[in-house]
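Taking it in order: structure first as structure tokens, then the write-up.
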Amino acid sequence: MNVTILNTPSVARLQSLLALALMVVGLGLMTDTFLTSDNGWNILRQISVNLCLSVGMTLIIISGGIDLSVGAVLALSGAVAAGLLKQGIALPFLGVHLDFTITGAIVSAIAVGAAAGACNGLAITRLQLPPFVATLAMLSIARGLTLLWTGGFPITGLGPSFGFIGTGAWLGIPMPVWEVLVIVMLAALVCKRTAFGRHLYAVGGSERAALLAGVRVERVKLIVYVVGGVLSGVAGLLVTARLDSAQPNAGLGYELDSIAAVVIGGTSLSGGRGSIVGTVIGCLIIGVLNNGLFLLDVSPFWQQVIKGLVIIVAVALDRFGAPKGRAG
Amino acid sequence: MNVTILNTPSVARLQSLLALALMVVGLGLMTDTFLTSDNGWNILRQISVNLCLSVGMTLIIISGGIDLSVGAVLALSGAVAAGLLKQGIALPFLGVHLDFTITGAIVSAIAVGAAAGACNGLAITRLQLPPFVATLAMLSIARGLTLLWTGGFPITGLGPSFGFIGTGAWLGIPMPVWEVLVIVMLAALVCKRTAFGRHLYAVGGSERAALLAGVRVERVKLIVYVVGGVLSGVAGLLVTARLDSAQPNAGLGYELDSIAAVVIGGTSLSGGRGSIVGTVIGCLIIGVLNNGLFLLDVSPFWQQVIKGLVIIVAVALDRFGAPKGRAG
Amino acid sequence: SRGPAESTPAPAPGAQSRQIAVVVSTLNNPWFVVLANTARDEAQRRNYKVTIFDSQNDPAKEAAHFENIVASRYAAVLLNATDAEGSVANVMKARVANIPVFTMDREINSRAPVSQVLSDNYAGAVDVAIEFVEQLGERGRYVELLGIVTDNNTWNRSKGFHSVVDRYPGLEMIAQQSAEFDRSKALEVMESILQRSTSIDAVFCGNDAMALGAYQALLSAGLAGKVKVFGFDGSDDALASIAEGKLTATAMQYPKTMARMVAEFADRYLQGERNLPARLPIHVDLVTRGNIGEFGEHGRRGE
Amino acid sequence: MTSTAATSHVLEARNISKSFPGVRALQDVSLRLSAGKLVALVGENGAGKSTLMSVLAGVQPPDRGEILLDGTVISFRHPSEARRGGIATIFQELGLSANLTVAENIFLGEEATTRWGTLDYAAMHRHTRSLLARMQLDIPADAPLHSLRVGQQQVVEIARALSANARVIIMDEPTSALSQGEIESLLRMIKELKAAGVAIVYITHKFEELADLADEVAIMRDGRMITQASYESLTHEQIVSLMVGRTPTATHARRVRRSTKEPVLCVKQAYLPHPSRPGDYLVRNVDLHLCRGEVLGIFGLMGAGRTELLETIFGMHARRARLDLAIDGREARFASPAEAVDAGLAFAPEDRKRDGLVLDMSTQQNATLACLGAMKRWGLIHPALETECARTLLQRIHWRGSSLREPVRNLSGGNQQKVILAKWLATRPKVLLLDEPTRGIDINARNEIYALIEELVAGGLSIVMVSSELPEIMALSDRIMVMCQGANAGEFAADTATAEAIMTAALPNSTRSRA
Ligand SMILES: Nc1ncnc2c1ncn2[C@@H]1O[C@H](COP(=O)(O)OP(=O)(O)OP(=O)(O)O)[C@@H](O)[C@H]1O
Ligand SMILES: Nc1ncnc2c1ncn2[C@@H]1O[C@H](COP(=O)(O)OP(=O)(O)OP(=O)(O)O)[C@@H](O)[C@H]1O
Ligand SMILES: [Mg+2]
Ligand SMILES: [Mg+2]
């Protein structure tokens with residue numbers, strides 16, 4: 001849409017920041033607990049998983065694609081990590097039984113994520129499937145594999161040292177926050193300061209122009225989906241560690257949450273425009289909203305209505321300040 | 001994506017038809033029950049709801065938009081119909097209690113759908129929200145309203161004459177099939193043979209060119225979302241009538257099913273290309289797939305894996321025959 | 001006036017296939033996986049061919065399953081209904097095609113099923129509530145975590161619980177939120193509620209997954225042990241946690257017992273037996289640290 | 001560059017063939033480029049020039065034939081390989097990313113990085129500024145590309161080709177959107193490049209540019225290479241007839257002017273605020289009137305705001321713009337282009353592909369898009385009627401394409417422009433607004449369009465024509481209005497106007513300040 005195209009990220013970001021500020025002030029006045037540091041960390045801890053997914057989603061959407069499989073891949077890699085950690089894996093044909101250290105389990109979970117991402121990327125570049133279809137298929141496949149791997153039962157009792165990456169804290173700051181902070185920093189750097197980042201924007205903005213300029217369009221796409229898969233894997237580890245349990249149905253519907261965060265953050269689904277910072281703000285808006293609704297003890301029925309309305313207002317504020325599109 | 005853009009609908013349709021044919025033949029050989037007339041009617045009856053939603057989704061996607069709220073609006077309008085039929089509605093301030101005939105209930109359900117669609121359309125045209133966001137918000141709002149209206153409990157016992165529209169048959173053909181058949185016919189006619197249909201393609205193909213050609217872009221968009229809402233309302237009636245009960249959580253996740261059907265049918269998510277016939281085929285592919293997996297007695301866990309793979313194959317076949325995009 | 005699928009004459013009993021369909025409301029929750037798997041194993045033990053259908057909590061999907069079941073002439077259906085009301089129409093389809101239906105765990109409001117072996121969620125919740133009141137000494141502040149708000153059992157359990165607890169003015173419910181039977185949802189909801197106030201004495205959860213999620217939140221808030229957590233279902237994790245004193249109590253439903261019984265009924269019915277109980281409530285037992293020894297995976301020890 | 005390179009062929013294409021579904025774009029075409037020589041590649045729209053270039057640039061593999069770089073056969077699998085091979089290309093459809101900055105576009109695919117692997121913006125901006133200076137384009141290196149005009153964007157594209165310090169540079173209609181000044185600096189650049197021994201392919205439809213540039217001329221027709229000869233050996237007339245393959249439509253003669261005095265369109269005090277710079281106007285206090293059967297030519301440098309003026313009249317900026325408008329003496333106010341169309345206006349935009357056509361649609365569907373009401377039976381579009389209507393329309397504008405069903409995307413520039421005109425003829429407009437009607441269109445098609453304009457005006461239609469080409473303006477207009485920085489900078493009667501007078505009026509006057 002022209003509108004979003006003319007809409008400069010900086011403006012968008014400012015606007016959604018405004019929406020966020022309004023919510024924070026409002027909740028600060030309405031409740032006495034919202035503006036406590038505890039609650040602050042609590043919100044950050046809670047958005048960490050969605051933020052982790054949304055960072056990957058942002059990169060993918062900037063490149064003009066989309067990834068519906070994040071939630072399913074999250075569940076799969078979480079389950080793989082837990083399974084390997086708990087029982088290891090038996091290779092009958094070799095007659096061996098491999099046990100996994102925590103590191104081993106973590107690495108293989110991330111590898112699983114990367115593999116899923118690679119499949120997405122190849123389906124999109126080689127088979128030229130629309131990203132929506134390719135990743136929708138992956139959603140279904142990853143869900144199925146998770147159920148097959150777990151038999152439908154949670155894998156629990158992974159021990160404190162594994163749990164640390166999800167529940168621990170360092171310098172008084174929760175581990176998930178540290179981890180996601182690093183990821184955000186890296187992603188922002190990649191977007192703004194690397195050739196790959198520029199190529200992402202170019203491909204998302206005009207695939208043809210990027211190609212003519214000599215950008216390796218297919219390679220860029222492949223890489224970005226692998227990155228997305230890796231981040232889903234990390235998110236899977238976070239969830240599993242926090243619950244000290246890998247749930248077969250973990251991450252159900254997370255894809256929409258994360259796309260919502262990205263879009264609320266001012267990234268355009270038509271590709272080529274967007275920013276990691278915006279996505280961080282988007283996640284914060286959603287996190288603050290959820291948290292606030294509980295602090296106000298809004299009935300579960302009303303919560304959904306209010307969420308919908310707030311999303312509209314937040315994004316409308318976004319558009320509001322931005323220059324009108326010529327077609328507007 | 002260039003690929004899908006260069007992909008002429010006729011070709012696409014042929015290809016997905018091929019995928020469908022392959023599945024039918026395959027299942028016909030593998031099972032003895034698949035090719036029975038009973039089973040045929042089953043499949044048709046089962047896809048009728050998704051098809052109803054997908055027809056609206058097709059029009060919206062052709063116009064360059066998307067509607068994530070179909071499932072939620074389905075639930076809402078179904079619940080409204082059931083509620084009005086069962087208890088009518090009390091207007092305390094007027095001190096009156098309105099009772100509803102079946103027709104009245106049906107009309108108001110469709111009105112609810114239309115209203116929801118209109119909200120989507122206005123949010124997109126007036127507030128210039130990205131369709132994804134506007135309809136995502138509507139999803140949340142409609143779900144919430146459904147819970148508020150039903151209190152979270154199903155509304156049941158609507159009686160056979162209402163149930164007829166979902167379970168009845170005429171000339172040996174199930175009512176849902178009749179109803180959806182009419183809808184499909186009309187939609188196809190609108191796409192191919194009316195100015196509005198042509199404007200849909202124009203707006204989806206190039207909003208700015210359409211605007212400059214004197215197309216009332218905003219009006220076209222508004223109308224198409226209202227139509228989508230109406231069809232969600234109809235789908236809601238079908239589901240409710242079939243179950244003789246309005247479930248507050250009806251239609252969960254239907255949005256993805258219906259988008260999948262549309263895309264498998266060869267309609268491009270980038271807008272401006274697609275066909276109702278393609279969508280019908282897309283729905284059939286999904287319906288036959290679900291049905292076949294049960295007939296083959298595939299375990300539910302494997303089913304998801306296989307579904308994913310089949311979707312990939314079906315759409316890959318689609319791309320396969322189509323001319324390569326310039327961007328390759 | 002019925003669709004052709006329904007109007008098909010069902011073959012006379014005896015000439016029936018030996019295929020049994022297990023239709024389960026969801027496989028996204030381990031408790032139902034146990035239910036489904038046990039039913040399958042038992043039916044297979046009685047050498048039937050078994051197919052499991054996952055309704056994904058959607059009566060419409062369940063309807064599709066029943067149509068397929070009718071079309072391919074299954075001998076019987078072992079049903080774990082998605083909804084007490086919404087599933088009635090589906091069961092009628094089978095009934096009309098002379099396919100006997102046996103429900104397990106969740107009762108449906110219809111006479112159509114041959115027999116209903118159901119877990120008495122309400123009574124179970126009452127038992128938990130009584131234990132709850134004793135543990136708290138009739139006064140205190142508590143939180144209730146509801147399951148999926150559109151699920152019958154969510155409300156059966158909540159109502160059973162409140163039918164007791166609400167009689168004690170000393171017991172104050174400071175929050176009632178839904179965590180959708182989900183462990184990670186429960187964790188987040190609990191975390192947020194704890195922000196409002198940490199002076200909580202107990203949490204009542206609609207199932208064990210939520211109880212364990214809530215415990216996880218209390219743990220990281222340093223309230224583990226101070227706050228009593230009550231669950232429902234009797235899942236392995238929960239039993240282990242009760243043994244370790246993490247959870248205070250849960251209600252053991254007997255998915256395996258119910259599944260076996262239903263499979264047996266189906267078999268006997270297909271043998272021609274007709275005097276089967278139309279409605280057989282399986283009592284739900286309270287599990288506390290005291291009697292934990294009597295219980296094993298999803299049932300009594302040695303089952 | 002060594003002197004040997006000057007004699008041997010740097011790049012040679014041998015018997016290249018390339019077909020697209022339904023089109024044989026190239027049929028064993030050969031082309032030879034030598035160091036320090038400029039080959040002018042000419043041909044009608046759709047002759048296959050751009051396709052040949054896209055093959056040389058590695059965008060599309062040829063179906064048959066081979067490419068030799070310094071006498072050795074090579075095959076580019078990707079544009080980046082051609083670029084590394086020293087072949088830089090200025091693509092006809094701008095190959096730039098609107099969402100990146102000028103510098104980022106220039107270095108796209110060849111980014112300069114620091115030793116940490118991060119982008120070295122300092123270096124890129126420095127290099128960019130020097131390039132822009134060489135091109136005498138005064139814009140910041142970090143300006144987002146979408147804020148630039150077509151013309152400015154094209155200069156950036158040229159700058160990128162230069163930045164690659166390539167040995168072969170392909171220029172596909174580089175001047176199609178350039179202003180006079182920009183063209184001159186480009187021609188100067190080209191001379192420098194030739195002196196440096198760079199081999200250049202130069203595609204254009206404006207022969208006057210070739211005079212002191214071209215060493216050789218290569219002529220294509222219908223996907224075949226007719227000849228590649230030294231430029232001196234051929235006169236313009238010969239070139240044109242070789243291009244067209246038949247005696248070309250007579251070049252346009254000054255038209256007989258009939259002056260009616262009934263006013264059709266009257267615009268008073270048109271203002272259009274700048275979208276992002278408050279207090280600045282893209283169109284400032286412009287008055288304009290047009291009589292029946294009159295052609296008003298609007299001349300101006302790029303960025304004069306002519307497009308915006310037309311768009312404002314056409315109701316595109318209703319939310320922002322202010323103006324008093326009268327059609328046939330009756331007050332009018334358009335909230336949207338649709339209302340403008342209903343009132344009898346028609347607008348053929350500057351950017352054909354983006355704004356003029358729905359590229360996914362067929363030729364027929366584009367032609368009938370604005371008049372679907374006219375071919376209904378019982379409220380339904382009647383296919384036979386539609387085809388009939390489209391055919392008559394396209395015949396009227398002498399459209400020469402293979403089929404009505406062909407995607408308009410694949411048409412040549414000239415035919416695309418004709419389809420747009422056909423679309424508007426269908427609505428029987430009173431006033432036709434033309435923005436750069438002959439940009440990127442070959443001589444022959446151009447003359448046909450001139451003839452068409454004649455015909456329409458004779459039929460009582462009134463036309464406002466924006467153009468950056470003075471000869472065109474002077475030949476076709478009854479009156480000429482000159483715009484400068486969004487304001488009316490003078491008006492001339494065509495028969496008394498001189499090129500000098502018009503040019504001086506168009507140049508920004510230092511005393512006039514942009515409020
Ligand atoms: N991707 C494509 N698919 C189908 N046909 C194409 C494609 N690209 C070009 N063509 C066709 O190939 C022929 C040559 O096109 P090309 O762009 O090379 O002509 P040209 O000489 O550059 O014309 P112009 O002077 O207008 O730029 C035209 O008939 C065009 O329709
Ligand atoms: N979308 C836009 N946003 C900001 N400024 C714009 C935009 N479009 C045009 N401008 C500015 O408005 C002025 C007029 O641009 P425009 O291209 O309309 O000039 P023009 O006279 O029409 O040139 P052309 O010969 O291309 O028609 C220029 O200064 C240009 O930079
Ligand atoms: Mg060309
Ligand atoms: Mg212009």
Side-chain angles (χ1 to χ4, degrees), chain B residues 31-34 36-43 45-47 49 74-75 146-147 150-157 160 163-164 166-170 172-177 238-239 241-254 287 290-291 294-295 297-301 303-304, chain C residues 1-8 19 21-22 24 26-28 33 36 40 49-74 82-90 92-93 96-97 108-110 146 148-152 154-155 178 180:
Chain B
T31 73
D32 47 2
T33 42
F34 178 76
T36 62
S37 70
D38 277 10
N39 196 42
W41 292 122
N42 268 345
I43 294 175
R45 206 187 301 102
Q46 287 165 15
I47 66 168
V49 170
L74 173 152
T146 312
L147 289 176
T150 60
F153 297 103
I155 304 174
T156 39
F164 183 75
T167 56
W170 182 53
I173 296 177
M175 287 307 291
V177 178
L238 284 182
V239 175
R242 259 185 99 189
L243 299 173
D244 183 36
S245 155
Q247 297 294 320
N249 64 337
L252 264 181
Y254 282 18
N290 287 330
N291 178 266
F294 293 126
L295 295 187
D297 192 5
V298 178
S299 99
F301 294 177
Q303 285 190 15
Q304 306 201 31
Chain C
S1 61
R2 279 186 266 91
E6 287 89 336
S7 59
T8 52
Q19 276 195 318
V22 175
V24 60
T26 177
L27 289 177
N28 260 332
V33 177
R40 180 196 57 207
K49 194 168 166 309
V50 183
T51 313
I52 294 182
F53 294 81
D54 175 5
S55 307
Q56 296 167 15
N57 279 329
D58 180 352
K61 290 204 174 65
E62 191 178 75
H65 293 334
F66 271 88
E67 285 161 359
N68 292 334
I69 288 164
V70 169
S72 40
R73 311 263 195 290
Y74 276 72
T82 51
D83 185 83
E85 301 291 349
S87 302
V88 174
N90 300 335
M92 285 312 298
K93 286 200 187 75
V96 165
I108 70 167
N109 308 341
S110 158
L146 298 166
I148 297 170
V149 294
T150 57
D151 185 297
N152 313 88
T154 298
W155 298 113
S178 163
E180 297 169 16

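The sequence lines fix the lettering, A, B, ..., with proteins before strands; numbering per chain opens at 1.
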For this session: For C:Thr51 and C:Gln19, run side chain to side chain donor-acceptor pair (under 3.5 Å): C-alpha distance rounded to whole Å, both residues' side-chain angles, the deciding distance at 0.1 Å, then the answer.
Result: CA-CA 8 Å; C:Thr51 313; C:Gln19 276 195 318; 4.7 Å; no
For this session: Under the side-chain contact (heavy atoms from CB on, under 4.5 Å) rule, what do C:Met92 and B:Thr167 come out as? Steps first, then yes or no, please.
Result: CA-CA 12 Å; C:Met92 285 312 298; B:Thr167 56; over 6 Å; no
Exercise. Step by step, would you call B:Asn39 with B:Thr33 a side-chain contact (heavy atoms from CB on, under 4.5 Å)?
Worked result: CA-CA 7 Å; B:Asn39 196 42; B:Thr33 42; 5.8 Å; no
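B:Phe153 and C:Trp155 have tilted rings, their planes meeting at an angle from 30° to 60° on a 0 to 90° scale. In this pair, C:His65 and C:Phe53 present their aromatic rings tilted. The plane angle is within the 30 to 60° band.
For the pair C:Thr26/C:Gln56, no side-chain contact is recorded, criterion being any heavy-atom separation below 4.5 Å from C-beta on.
Heavy atoms closer than 4.5 Å to chain C are found in the side chain of B:Pro154, but not in its backbone. Within the 4.5 angstrom heavy-atom criterion, atoms from both the backbone and the side chain of C:Asn68 approach chain B. The part of B:Leu147 that comes within reach of chain C is its side chain, from C-beta onward, which places non-hydrogen atoms under 4.5 angstrom from that chain. In this structure, the portion of B:Leu295 lying under 4.5 Å from any heavy atom of chain C is its side chain and not its backbone. B:Phe301 touches chain C through its side chain: at least one heavy atom from C-beta onward sits under 4.5 Å away, while N, CA, C and O do not.
Between chain C and the residues B:Thr31, B:Val49, B:Thr156, the largest count of heavy-atom pairs under 4.5 Å involves B:Thr156. Ranked by heavy-atom pairs shorter than 4.5 Å toward chain B, the options C:Ile52, C:Thr82, C:Asp83, C:Val50 are led by C:Asp83. The greatest number of non-hydrogen atom pairs below 4.5 Å with chain C, out of B:Gln46, B:Gln303, B:Arg242, is found for B:Gln46. With chain B as partner, the option from C:Ile69, C:Leu27, C:Asn109 having the largest number of non-hydrogen pairs under 4.5 angstrom is C:Leu27. The candidate with the highest count of non-hydrogen atom pairs below 4.5 Å against chain B, out of C:Asn57, C:Asp58, C:Asp151, C:Asp54, is C:Asp58. Your options are B:Pro160, B:Gly163, B:Gly152, B:Gly251, and the one with the most heavy-atom pairs under 4.5 Å with chain C is B:Gly152.
For the pair C:Ala71 and B:Asn42, the tightest heavy-atom approach, listed with the atom from each and the gap, is CB-ND2, 3.0 Å. Of all heavy-atom pairs between B:Pro176 and B:Gly168, the closest is CD-O, 4.2 Å.
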